[in-house]
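Structure first, then comments.
Sequence lines set the chain letters: A, B, ... in the order given, protein chains first and strands last, and positions in each chain run from 1.
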Amino acid sequence: MRTAARSARVLFSTRLQPWSGLKSSAKSLYSPAVCCQRKKSSYTTIPPPAKYGGRHTVTLIPGDGIGPELLNHVRELFRFCCVPVDFEVVRVDSSASSEDDINDAVTAIKRNGVALKGNIETNHNLPPSHKSRNNLLRTSLDLYANVMHCQSLPGVQTRHRDVDVIIIRENTEGEYSSLEHENVPGVVESLKIITRVNSSRIAEYAFNLAREKGRRKVTAVHKANIMKVGDGLFLQSCKEVAAGYPDIIFDNMIVDNTTMQLVSKPQQFDVMVMPNLYGNVVSNVCAGLVGGPGLVPGVNYGKDYAVFETATRNTGKSIANMNIANPTATLLASCLLLDHLKLCAYAKMIRKAVLQTLSETQLQTADLGGQCTTSEVVHSIMQEIQREGPRTSEQI
Amino acid sequence: MASLTKALKPILERQFGNTTKIFGAAVNSQRGKPTYARQTIPPPAKYGGRHTVTLIPGDGIGPELLNHVRELFRFSCVPVDFEVVHVNSASDSGDDINNAIMAIRRNGVALKGNIETSHTMPPNHKSRNNLLRTSLDLYANMMHCQSLPGVQTRHKNIDIIIIRENTEGEYSNLEHESVSGVVESLKIITRNNSLRIADYAFRLAREKGRRRVTAVHKANIMKLGDGLFLQCCKEVASGYPDIEFDSMIVDNTTMQLVSKPHQFDVMVMPNLYGNVVSNVCAGLVGGPGLVPGANYGQDYAVFETATRNTGKSIANRNIANPTAMLLASCLMLDHLKLHDYANMIRGAILTTMNETRLHTADIGGQGTTSEVVQSIMKIIQSSGPLTTEI
């Protein structure tokens with residue numbers, strides 16, 4: 001029955017596919033009728049994903065470097081905690097020149113609606129026609145918002161305290177358009193695309209999120225004194241959206257000043273919204289401030305899909321398979337995944353165990369200055385869960 | 001000779017760099033330029049033992065800090081005369097900035113404050129600072145970030161030289177809106193400029209006895225553009241086997257800078273990454289008030305603060321930190337080969353920073369700008385050879 005329903009749904013959506021050229025309002029008008037199985041409400045919320053018999057199916061993309069081993073730990077932990085999630089593993093080979101792998105992954109995510117991924121390596125020795133697989137995934141699924149919540153975690157020694165910044169980064173356009181050409185030999189032009197539609201969309205997302213989470217201020221980060229038309233358009237779109245949210249303070253700051261302020265006084269920032277490249281730099285600076293790439297999870301949200309990964313998207317090639325990688329970021333990303341699937345009880349349980357383990361210095365991995373291995377950390381998280389949690393699978 | 005120079009100048013400006021050098025040796029002989037192809041910037045205008053330097057006050061804290069510089073130079077009897085050229089950032093006409101450029105061409109050296117670029121003006125109103133840099137072809141921006149012992153920072157003993165391409169990249173001012181609501185900004189990377197900046201970086205590293213040069217890029221995403229930059233750096237690196245060369249992606253770089261800045265030695269990068277990385281480094285060593293920067297071209301040099309802040313909010317309140325501007329003036333004196341004066345003033349500044357610990361508000365102290373400058377002058381008087389009255 002499930003397959004019949006699914007094929008009926010596919011038939012419906014393929015029939016209506018030509019209509020997708022219409023404006024988005026028309027699409028949302030049709031989609032409640034078509035995607036009624038997805039229980040989509042009439043305003044833009046991400047529909048709950050594939051679920052049958054109470055168990056969710058989530059796409060898992062292992063990636064390269066430390067991705068596979070950390071995602072194995074996630075699966076192990078989920079199995080241990082009896083989390084009702086099944087993973088559909090899709091491998092993507094980063095060195096293959098054909099795009100079939102990544103297309104399969106995209107199809108799988110479209111089917112399941114949610115994914116957990118490791119970073120896929122982009123080798124810069126390959127020719128320019130070989131696009132970044134991560135980028136392809138983000139643009140095909142139109143995952144327009146990358147959200148990273150940077151918080152100082154108790155128990156982690158850092159130079160800055162009480163950092164609590166949410167960074168919202170436009171994820172599909174900007175400098176990552178992969179549009180470059182060499183008209184004259186020796187002169188390369190890279191195009192940075194900024195559109196009104198995407199800028200308004202990301203600004204809207206940022207203000208919505210700020211309101212939901214009770215945040216007071218949204219700061220737009222830009223370089224409009226130099227890129228007047230491009231970043232000027234971004235800034236203008238943000239201002240227009242800000243006018244609709246009078247309860248939230250809106251200000252803006254140039255990216256160079258932002259990075260300098262982040263390094264000296266990061267506590268002044270609340271929510272930040274910015275185009276793609278500045279988002280990349282600023283999120284890495286913030287990750288460095290709270291303790292490194294092994295601690296912060298990140299989420300990529302689109303209208304219909306959500307993909308969870310570590311915030312700084314490191315492959316970690318140099319520490320792959322050495323059992324020293326920090327699993328915290330990936331585990332916290334999986335907690336965000338559980339929150340998204342509305343399995344909040346499991347999410348809380350795992351998150352509490354992870355943070356508890358992190359706050360004990362003898363259980364920290366090498367990147368935080370400790371000497372623990374990845375498996376030891378995961379093992380102690382499982383012990384913690386067993387101590388507190390309701391039901392787990394066999395004894396450790 | 002001067003009229004010959006003037007006559008040939010338009011032709012020289014249009015030629016390639018090499019040709020200018022070849023002609024330049026014959027024509028600009030007054031500038032004492034060596035005849036072999038070593039790219040040295042010629043010593044600037046000097047008559048009767050006194051140098052003339054263009055001074056552009058700029059906006060915000062620029063005018064007051066540059067007044068302090070002049071005061072200090074007069075006090076220390078430095079043989080430098082300033083030719084002041086005001087640039088009005090609010091005016092539409094390009095006359096102001098063209099006058100400034102002409103003055104710098106005449107004198108060869110300039111000291112400037114930052115000229116404000118209001119983003120409420122229409123897009124055809126270009127950034128004055130940018131116009132200056134591109135017209136004079138000041139292709140290398142050099143910033144030496146050093147931790148000062150007397151300043152409280154979270155990181156200690158940082159010593160990084162950042163070399164940033166100053167004329168192309170994202171700062172090309174080439175944008176268009178072909179379709180309404182869709183803007184394309186062009187980022188230009190050329191082989192010539194990338195080779196030039198890489199060469200500058202390696203030569204500087206060699207001169208200063210540095211061990212390693214790191215190229216910062218984003219070639220995994222901008223494969224052609226930053227790929228070209230990286231390739232040019234690699235090519236130049238092969239000619240300097242004594243210096244290690246490695247590369248790092250800009251996001252990883254900023255994260256490493258925030259956690260472990262001591263791993264970096266000399267860094268070379270395109271324009272926008274240079275902007276961000278230099279601001280991060282300035283933040284690490286104590287803020288925008290401490291670090292001087294220099295813009296070098298083949299024939300000209302312009303000195304300013306490294307992070308190019310206008311400081312509008314603290315203008316005319318006597319609380320700005322004069323250190324960056326004063327250290328920039330010391331770099332200028334070094335460039336003019338007035339090393340004794342440079343060392344004397346620099347020593348006095350560092351003594352004030354580190355021993356007397358007279359700090360302004362931005363580094364956590366309570367001193368005013370004038371107090372700091374007075375203290376520097378006192379130290380110069382007690383140690384220096386000849387000064388006028390305070």
| task | Give a yes or no answer on whether the side chain of B:Arg154 reaches the backbone of A:Ser264 with a donor-acceptor pair at less than 3.5 Å. | result |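 Between the backbone of A:Ser264 and the side chain of B:Arg154 there is a qualifying donor-acceptor contact (under 3.5 Å).
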| Is a side-chain N or O of A:Glu189 found less than 3.5 angstrom from the main chain of B:Leu186, in a donor-acceptor match? |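 No, the answer is negative, given that no donor and acceptor are paired below the 3.5 Å cut-off.
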Please flag which part of [X] lies under 4.5 Å from any non-hydrogen atom of chain B: side chain, backbone, both or neither.
| X | answer |
| --- | --- |
| A:Pro185 | neither |
| A:Leu235 | side chain |
| A:Ile226 | both |

| Between B:Asp251, B:Thr190, B:Ile188, which has the largest tally of heavy atom pairs under 4.5 Å with chain A? |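 Result: the option with the highest number of such pairs is B:Asp251.
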What residues form a salt bridge (Lys or Arg N to Asp or Glu O under 4.0 Å) with [X], not counting sequence neighbours?
| X | result |
| --- | --- |
| A:Glu204 | none |
| A:Asp93 | none |
| A:Glu175 | A:Lys192 |

| task | For B:Asn309 and A:Met260, run side chain to side chain contact (heavy atoms under 4.5 Å, CB included): C-alpha distance rounded to whole Å, both residues' side-chain angles, the deciding distance at 0.1 Å, then the answer. | result | CA-CA 12 Å; B:Asn309 298 89; A:Met260 184 152 59; 4.3 Å; yes
| task | Please examine the side chains of A:Arg159 and B:Val258, heavy atoms only from C-beta on, and report whether any two atoms are closer than 4.5 Å. | result |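 Answer no - side chains too far apart.
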| message | Shorter than 4.5 Å, heavy atoms on both sides: which option in A:Ala287, A:Pro293, A:Gly232 has the most such pairs with chain B? | response |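 Sorted descending by pairs with chain B, the first entry is A:Pro293.
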| query | Pick from A:Gly230, A:Ser177, A:Ser283, A:Gly292: which one has the most heavy-atom pairs with chain B under 4.5 Å? | reply |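 Going by pairs under 4.5 Å, I would pick A:Gly230.
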Please look at [X] and chain A and tell me whether the side chain, the backbone, both or neither of the residue comes under 4.5 angstrom of a heavy atom of that chain.
| X | answer |
| --- | --- |
| B:Glu177 | side chain |
| B:Leu272 | side chain |
| B:Ser194 | neither |
| B:Leu224 | both |
| B:Asn193 | neither |
| B:Phe229 | neither |
| B:Val280 | both |

| query | Would A:Asn284 and B:Asn252 count as a side chain to side chain contact (heavy atoms under 4.5 Å, CB included) if you check the C-alpha gap in whole Å, the side-chain angles of each, and the deciding distance to 0.1 Å? | reply | CA-CA 7 Å; A:Asn284 274 266; B:Asn252 193 18; 5.6 Å; no
| Would B:Asn275 and A:Lys223 count as a side chain to side chain contact (heavy atoms under 4.5 Å, CB included) if you check the C-alpha gap in whole Å, the side-chain angles of each, and the deciding distance to 0.1 Å? | CA-CA 10 Å; B:Asn275 188 7; A:Lys223 188 94 186 140; 2.6 Å; yes
| message | Non-hydrogen contacts under 4.5 angstrom with chain A: give the residues of residues 166-175 of chain B involved, or none if there are none. | response |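 Near chain A, by residue number: B:Glu170, B:Tyr171, B:Asn173, B:Glu175.
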| said: For a side chain to side chain contact (heavy atoms under 4.5 Å, CB included) check, start with the C-alpha distance between B:Lys223 and A:Thr122, then their side-chain angles and the critical distance, and finish with the verdict. | reply: CA-CA 10 Å; B:Lys223 293 170 188 292; A:Thr122 311; 3.5 Å; yes
